[in-house]
Structures are given as C-alpha cells and as structure tokens.
Amino acid sequence: MSLILLLFLSITTFHKCICSNHTVVRCNEKDLEILLTFKQGINDSLGTISTWSTENDCCAWKGVHCDNITRRVTKIDLNTYFYEYEPVKVLEGEMNLCILELKFLSYLDLSENNFDVIRIPSIQQNITHSSILLHLDLSHLYGPLHMDNLDWLSPLSSLKYLNLDGIYLHKENNWFQVVNTLPSLLELQLSHCNLNNFPSVEYLNLSSLVTLHLSGNNFTSHLPDGLFNLTKDINSLRFEGSNIYGEMPSSLLNLQNLKLLDLSSNKLQGLIPDEIGQLAHIEYLDLARNMLSGFIPLTLGNLSSLYLLSIGSNNFSGEISKLTFSKLSSLDSLDLSNSNFLFQFDLDWVPPFQLSQLSLSNTNQGPHFPCWIYTQKSLKDLDLSSAVISLVDRNKFTNLIERIPSELILSKNSISVDMSNLTLSCSWLSLDHNNFTSGLPNISPTAEFVDLSYNSFSGSIPHSWKNLSELEVLKLWSNRLSGEVLAHLSASKRLLFMNLGENEFSGTIPMNLSENLEIVILRANQFEGNIPPQLFNLSYLFHLDLAHNKFSGSFPHCIYNFTHMVTFHIYELYSTTIDLFTKGQEYVYDVNPDRRTIDLSPNSLSGEMPLELFRLVQVQTLNLSHNNFIGTIPKTIGGMINMESLDLSNNKFFGEIPQSMALLNFLEVLNLSCNNFDGKIPTGTQLQSFNASSYIGNPKLCGAPLNNCTITEENPKTALPSTENEDDESIIESLYLGMGVGFGVGFWGICGSLFLIRKWRHAYFRFIYGVGDKLYVILTVKLNSFRRN
Ligand SMILES: *[C@@H]1O[C@H](CO)[C@@H](O)[C@H](O)[C@H]1NC(C)=O
Ligand SMILES: *[C@@H]1O[C@H](CO)[C@@H](O)[C@H](O)[C@H]1NC(C)=O
Ligand SMILES: *[C@@H]1O[C@H](CO)[C@@H](O)[C@H](O)[C@H]1NC(C)=O
Ligand SMILES: *[C@@H]1O[C@H](CO)[C@@H](O)[C@H](O)[C@H]1NC(C)=O
Ligand SMILES: *[C@@H]1O[C@H](CO)[C@@H](O)[C@H](O)[C@H]1NC(C)=O
Ligand SMILES: *[C@@H]1O[C@H](CO)[C@@H](O)[C@H](O)[C@H]1NC(C)=O
Ligand SMILES: *[C@@H]1O[C@H](CO)[C@@H](O)[C@H](O)[C@H]1NC(C)=O
Ligand SMILES: *[C@@H]1O[C@H](CO)[C@@H](O)[C@H](O)[C@H]1NC(C)=O
Ligand SMILES: *[C@@H]1O[C@H](CO)[C@@H](O)[C@H](O)[C@H]1NC(C)=O
Ligand SMILES: *[C@@H]1O[C@H](CO)[C@@H](O)[C@H](O)[C@H]1NC(C)=O
Ligand SMILES: *[C@@H]1O[C@H](CO)[C@@H](O)[C@H](O)[C@H]1NC(C)=O
Ligand SMILES: *[C@@H]1O[C@H](CO)[C@@H](O)[C@H](O)[C@H]1NC(C)=O
C-alpha cells in the first residue's frame, strides 16, 4: 500500500517537474523547511553554503543529495575536508540537530567545521518514524564544542557509523549506556570528547561492533576485564592517551579479528601477555608510552601480519634479538625508543623485514652502528638520536643515509664521518651534537628542516644549498663554518628559523632574505656592513640576535615595521625549545622560545637610536651594549612594559634617565654603565634595587645606588628639548599603540604562521585527531624530535 502511495507521489512530483519551465525537480517542502531551519543557525560568512537559497532546488544545494525518484533528501555531506589546500572554508555558528528530522536521511556528515554551539531540539518526540540514519559524523576539529547529553541518539536505531570526535561530552555521564543500546552499530568514534567516566558496566553489548575509537579522553580507570566479552568482531581499537590504568584486560585476547590495537600514551602496567601471539591478524600494535614491564614475549615474533610495532617508552627489560622478530616479515614501522633493552643482534643478522620507519632513539646501540640497519633498503625515516653510536662503516653508512628520503635523525651521538661530497635527500635532517668534521654535505632541494649544530663542520656553504627553496628551519650553531652564507639562502623563501651563530661566517646581510623569518641568530661571526632596513620589515620577526659581529653604520630609521613581534607562533604548537640568549649576556638554554629579543651588542654601530625602537612594546630583551650609539633615552621606554633585560652599557648615551623607566615592572637585568648619563637616578622606584654596577662609569650620574647628588634637586632641563617634548606626548600613545599592535600581531602571528606552514598545520590537526595511521607515526616521530630539541 505504502509502496503504491510512494509511487503515486513520485509520479506526481515527476509530472510537476516536466510541466515547469525546465526539468528541475523541486525537493520536498517538509525537507526544505527543515534545511532552512538548519541554515538559519549557521553563520556562513565564508560563503560555504551560498548555494542554499530558495531560488535553487534544495536537491541541488551544496552537499545535499536527494533520491532521484522520490526527491527526498537522503544524504547531506558538508565535510569541509576537501578545502585542505584552500583557505579554510568552514561553517560556523550553530549546529542545529533538527536536521535529523529529515525523514529519509541515511547519511549525515557535518565533520571538520567550526561550529560554536549545538542545538538539540527535543526531536525525540518529533521523530515518530523509525530513523533510517546509517551514518552520522559530527566530528569537530577546532575549539571547544559542548554537548550536554546523548539522549537524542536513542531513536537512531539503524545507526551503523557514529563519529562525535572532538565534541566535549563530559557532562554526559551515561554515554556508555546510550551507545550500548544502538543495536546495529559497527563503528563508534568518541575520541577527544573529554569523556571522564568509564562505565561501571562490565561489557560492551554491541556484538556487531567493528571499530571502537575512544582516544584522547580522560577515563582515569582500568579497562574492565570482561569489557570485550561480547564484541568479538572488533578489528580496530584505539584508547590512545585516555588515562587508562592497570593491566591489559585478558578479554582483549578474545578479539581474534583485531587488526589495530592502539593503547599508547596511557598508564598501563604489568606484562604483555604471552597470549598476544594469538592475535593472528594484528597489523598495528602500539603500546608505546606506558609503564609496561617485563620481557617482550617471544610469541610476538609469530605475528607475521604485523606492520607496525611500537613499544618504546615503557619499562621493559631483557633482550631484543632476532628471535623477537623471527616471523615479522610484514613489519614496516618499528619503534623501540626510550628503552633499556639489551640489543643482541648478530653482526650478520638479516631481518625478515624491510622497514620504512625505525626509531631507536635513546637506546644503547653503540659503539658500533647496528649492522642490520644497513640491510634496510627502503627506510624513509630513521631516528637514532642518543643511541651511543660512535663507530660507523663509512661506505655502508653513507650509502644508507644518502638514500633516506624523509627523516634522518642522528642527533646526540659521537659520529665522526667526512660528509663532504655526500648528497642527502632527506627533508628532515638532524645531525646535531655529533663529531662531524670537514665540509658540509649537499642537501636536496626538498629539505625543510636542517640542524647541524654542535659539530665541527668547516669550510663554506656548498653551492647546492642555493636551491633550498623548501627550507623552513636552519640551525648551524657552533661549527667552524666560514665564507658567505646569507647570499646562498636568498632562494629559501620559506625560511622562518635561521641560527647561524658561533661560526666564522662573513659577508653582509643581503636585502632579499625570506620574509617569513621569525628568528634570526647571527651571533658570534664575522658579519659586517650595515644592517639593511629590510630586516626590520620582516613582519614575523621576534628574535633578532646580531651580537658579536662587525656590523657598522647607524640604525635604520624604518624600525617601526619591526613592531610585528609576535607573542604566539608555530613553535608553541610543537612545544619545542630553542637555544636563545636571554638575560644579560649569558648563553641560556631557554625552554621558552617566545622570547622577543633584539641583541646588537658588541658591534660597531653608531648614531642615534630611532625613537621607534622604544615603541616595540613586546620586546623582552634589548641589548645595545658595546657600540657607539649616541643620544638620549626617550621617555617612551616606559611603555616597553614587557622588558625584562635592558643593557645599554658601553655606548655614548647621555642625558637623564627618564622617570618613566620606573614603569618597567618586569625588569630584572639593567645595565646603563659606561655612558655619559647625567642627573639623578629616579628615586623611590625599583631602579634603586639594582646595584651600583648597573650605573657606574657615568661620571655625571648621581643618587642611590651611586653617590648622593651634590647639586640641589631641580635639575635644569638638559639636552635635546625637541625630543623631550615629543616623548611627553608619545608615552601614552606608545602604550596604547603598543597594545593595539600587540593584539594584531598576536593574532596574525599565529594565523600567519599557520597559513605559512599549512602542511604542518594539517598534519598537526590530523595528529591530534588521529586521522591516518601512517601520518600519525610520522608525526609522532617529528613531534618527538621537536620536543627533544
Ligand atoms: C524558469 O523559472 C524560473 C523561476 O522559477 C525563472 O527564473 C526562469 O527564468 C525560468 N526559465 C525559463 C526558461 O522560463
Ligand atoms: C560570523 O562569523 C564572522 C567570522 O567569524 C564574525 O566576524 C561574525 O561576527 C559572525 N556573525 C555572527 C552573526 O555571528
Ligand atoms: C541518480 O542520479 C545520479 C546523478 O544524477 C546518478 O549518478 C545515479 O545513477 C542515479 N541513480 C538512479 C538510481 O537513477
Ligand atoms: C516538533 O514538531 C512540531 C510540529 O511538527 C513543531 O511545532 C515543534 O517545534 C517540533 N519540536 C521541536 C522541538 O522541534
Ligand atoms: C544488550 O542490551 C540490550 C538493551 O540494553 C538488552 O536488552 C540485552 O539484554 C543486552 N544483551 C546482553 C547480552 O546483555
Ligand atoms: C583527568 O582526570 C583527573 C581526575 O578525574 C584529573 O585530576 C586530571 O587533571 C584530568 N586530566 C586532564 C588532562 O584533564
Ligand atoms: C568474560 O569472559 C571470561 C571468559 O572468556 C569469563 O571468565 C568472564 O567472567 C567474562 N566476564 C563477563 C563480565 O562476562
Ligand atoms: C609460533 O607458531 C608456531 C606454529 O603456529 C608454534 O609452533 C610456535 O610455538 C610459536 N612460537 C612461539 C614463540 O609462540
Ligand atoms: C670531495 O671532493 C673533492 C673535489 O672533488 C675532493 O678533493 C675531496 O677529496 C672529496 N672528499 C671526499 C671526502 O671524498
Ligand atoms: C671528535 O673527533 C676528534 C678527532 O676527529 C677526537 O679527537 C675527539 O675526541 C672526538 N670527540 C668526541 C666527543 O668524540
Ligand atoms: C611598513 O609596512 C607597511 C605595511 O606593511 C608598508 O606600507 C610601509 O611601506 C612599511 N614601511 C617601511 C618604512 O618599509
Ligand atoms: C646620602 O644622604 C643620606 C641622607 O640623605 C645619608 O644618610 C647617606 O649617608 C648619604 N650617603 C652618602 C654615600 O653620602
């Protein structure tokens, strides 16, 4: 009967469309109404769904699919993932779940948008029909998006796929009970949902479940032993980083179809059970970053389907030998990093696998480079940092590393090989803290990250380095390199981190450096010539260290554009650390890469400082010492409220110390010594808390902590009335302006950087939400290496 009715309906609609001016079939009125209600909540300022207008048939709207015959909406796909390489075009505003009232909807994907709020109409009453929704993906990438409860799920009894990744569900205490009643569910993804109560229920009642991803929650719980008694078909299980305690539940071993098991980054204890050898189909086993202990069971060596094995960063002990890997012929990715295993490989061992990724960082491999690695012909990523290696077979070693296309990390060993004339093809190269000597290797144009610091490389930059167009990070700190370097880097338009310090480089700073530079460290070299004004137009620059060189000339007066000193930037995302020079002249290993610095100390710079310099409100360290600067300190210096370290010593500054300097509340280091300052040091301020050495060598300066002034209080106005006047009015303006700039810069700082390194950005978000196993592995390695720095 209903079939006939349906047929009748469709014929009439079809008929209607034939009669209208062209063959457009209008969508169902009720569907249209629901879609319009949904659209009402959306802030489409980016025009993502601009086609959603009543002038068009709703079946032709972007992302809306209708049944060809009934013209009812059956599928909505507004996933914005496809915009990956365009500026991100996402939906914002309210996600109104009234859309679930669409009677014939079987597929709904609103993932990877940027909704601020979810509206849940009490649709339970209104969904009188039995829902035919099979696929529901509301996963969310960006900021917090809250959902109070999951009761609305109950009527969706046909659901096979449910993904609410990234939606905060911490107020929903019954999430487990709710999902446990969805009888058809095959795939459940509730990663990064802030779930914090693990069910008291003993088992998952979803007998058809195939995929269960609950990573990135905070369960603070053990996994109940019978949890997987009723879900024997699961083949993909992720609990990564979910604060799980206790032992691996024995019911896990019931999951005979398991292909992927990720329990990494939890607090699991105890042993890996011998029975793990029964998981005959397992391909991906990640138990890294737990507190598991004991030996690695030999049964593991029987898992011939294993593709990824990651068990690093645990408390395992015992031997790793060829028996551990006896039948692992499919192994592609191996992580044994941060472990105390005793590695017992025969010199002539030829593994049954060919790896593409290997991490043995922070293990004891040495002193010989592990010979079996030479047999690996398809390595893409190799991390052997801190592996106590000092001896290599030069031919085999150079053969191996020249082939690696992606990531080569050999940091913190004592490897000493002549690399000159080699050509490395990797895009990520870390050879820092070794004993490499002689000339630099050639580097492929695809290189993005190069860290060769703390070695004994000598000679000049090879010609091949002129083509490093992808380079983003270059660290050559502390080698014996010489010759011109900067001219070679003008093709590196993406460069944002350049540390060439502690070498013997010479030459001048060219005008055409990368406009993306954030950090420039040329410290302790033989650079000379003027500082080109272009350097101060680098919008993202926040750390400029030109100290201990031979720069001369006066300071460019365009410095105002240098106010683009950022407070946030990409490195924060990676929680990396970089070597920076902070307070005073000490070399400090700083855990905070955010230090906004200008250091021009020991050079031959002269002339007056431009007033604009003293408007750089974000600066934390300003060191102009040991130059020939002249002029007075303007009162605007009081606006540089973030200043922590100020060194103007050994110059020819004169005039009074402005009272406004007392506003520098965070000042910890002050050195004004050996200038021609005069008058009285402002009293009643913390300027007295510095000792006399901060002020000595200014014969006409008096007052605590120096000698008492002999002249009576009212000092006559000293030099330069014109600048003084300007100072008076500009101090407030500077403060105000500085704040504005600070905000603008902070905002664009993060957005700018994110846009610049779009690839990293996507990689980062993907990492967070665990999309793509392979990428995940690559990133973990990458992130770890960032952290290590
Ligand atoms: C068809 O109708 C639409 C309005 O529904 C109108 O804008 C359009 O001009 C018509 N086209 C023709 C060919 O009549
Ligand atoms: C829409 O989003 C834009 C960009 O995020 C924002 O500037 C605007 O205020 C929003 N409008 C409404 C009505 O929320
Ligand atoms: C429905 O239309 C789409 C696109 O117009 C077409 O690819 C599909 O084959 C059609 N399905 C049926 C059942 O006619
Ligand atoms: C349920 O449907 C009725 C009529 O169809 C409507 O008036 C009401 O607003 C709906 N309730 C909700 C919560 O959307
Ligand atoms: C699974 O859950 C349903 C609904 O809660 C219940 O009726 C059924 O008895 C449960 N099955 C088992 C084996 O516990
Ligand atoms: C996880 O939950 C515990 C206790 O419920 C709490 O102390 C801890 O701060 C939470 N951790 C995170 C990262 O939220
Ligand atoms: C789970 O199964 C094991 C045996 O396979 C049994 O010993 C245990 O009692 C079961 N747990 C529950 C909660 O059913
Ligand atoms: C590996 O599997 C074979 C055959 O299935 C079995 O005989 C052997 O005992 C297993 N080895 C280990 C170490 O479990
Ligand atoms: C590198 O090449 C130069 C010139 O071709 C040669 O003199 C030098 O010996 C080579 N160095 C090594 C280590 O092969
Ligand atoms: C580095 O190599 C030199 C000789 O090439 C050697 O004298 C020195 O001890 C090595 N340093 C380290 C830390 O291995
Ligand atoms: C400063 O930057 C602005 C905008 O980026 C630009 O128009 C101006 O020319 C720059 N000033 C100097 C002196 O380069
Ligand atoms: C400076 O003057 C104060 C009183 O104003 C006096 O107590 C102090 O001893 C004097 N110090 C010197 C070094 O003359």
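Order of appearance sets the numbers: ligands from 1, and atoms from 1 within every ligand. Residues take their numbers from the sequence shown, with the count starting at 1.
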Run through K327, E283, K259 and flag the one making a side-chain contact (heavy atoms from CB on, under 4.5 Å) with S305. E283

Examine ligand 6 and decide if any of its atoms is less than 4.0 Å from a heavy atom belonging to N196. no

Could I get the full list of salt bridge (charged side-chain N to carboxylate O under 4.0 Å, His left out) partners for E94, not counting sequence neighbours? R119

Using the test salt bridge (charged side-chain N to carboxylate O under 4.0 Å, His left out), find all partners of D116 that sit at least two apart in sequence or belong to another chain. none

Please examine the side chains of L300 and L285, heavy atoms only from C-beta on, and report whether any two atoms are closer than 4.5 Å. yes

Any side-chain heavy-atom pair of M248 and L268 under 4.5 Å: yes

Geometric class of the H170/H146 ring pair [parallel <30°, tilted 30-60°, perpendicular >60°]: perpendicular

Test of understanding: with side-chain hydrogen bond (donor to acceptor under 3.5 Å, both in side chains), list the residues that count as partners of S236, not counting sequence neighbours. H213

Residue T220 vicinity, atoms of ligand 6 by number, heavy atom under 4.0 Å: 1 (C), 2 (O), 3 (C), 5 (O)

Quick one, list the residues around ligand 7 where some non-hydrogen atom comes in under 4.0 Å, by chain and residue number. E202, Y203, G226, N229

Hey, does N218 come in under 3.5 Å of ligand 6, counting only N/O atoms on both sides? yes

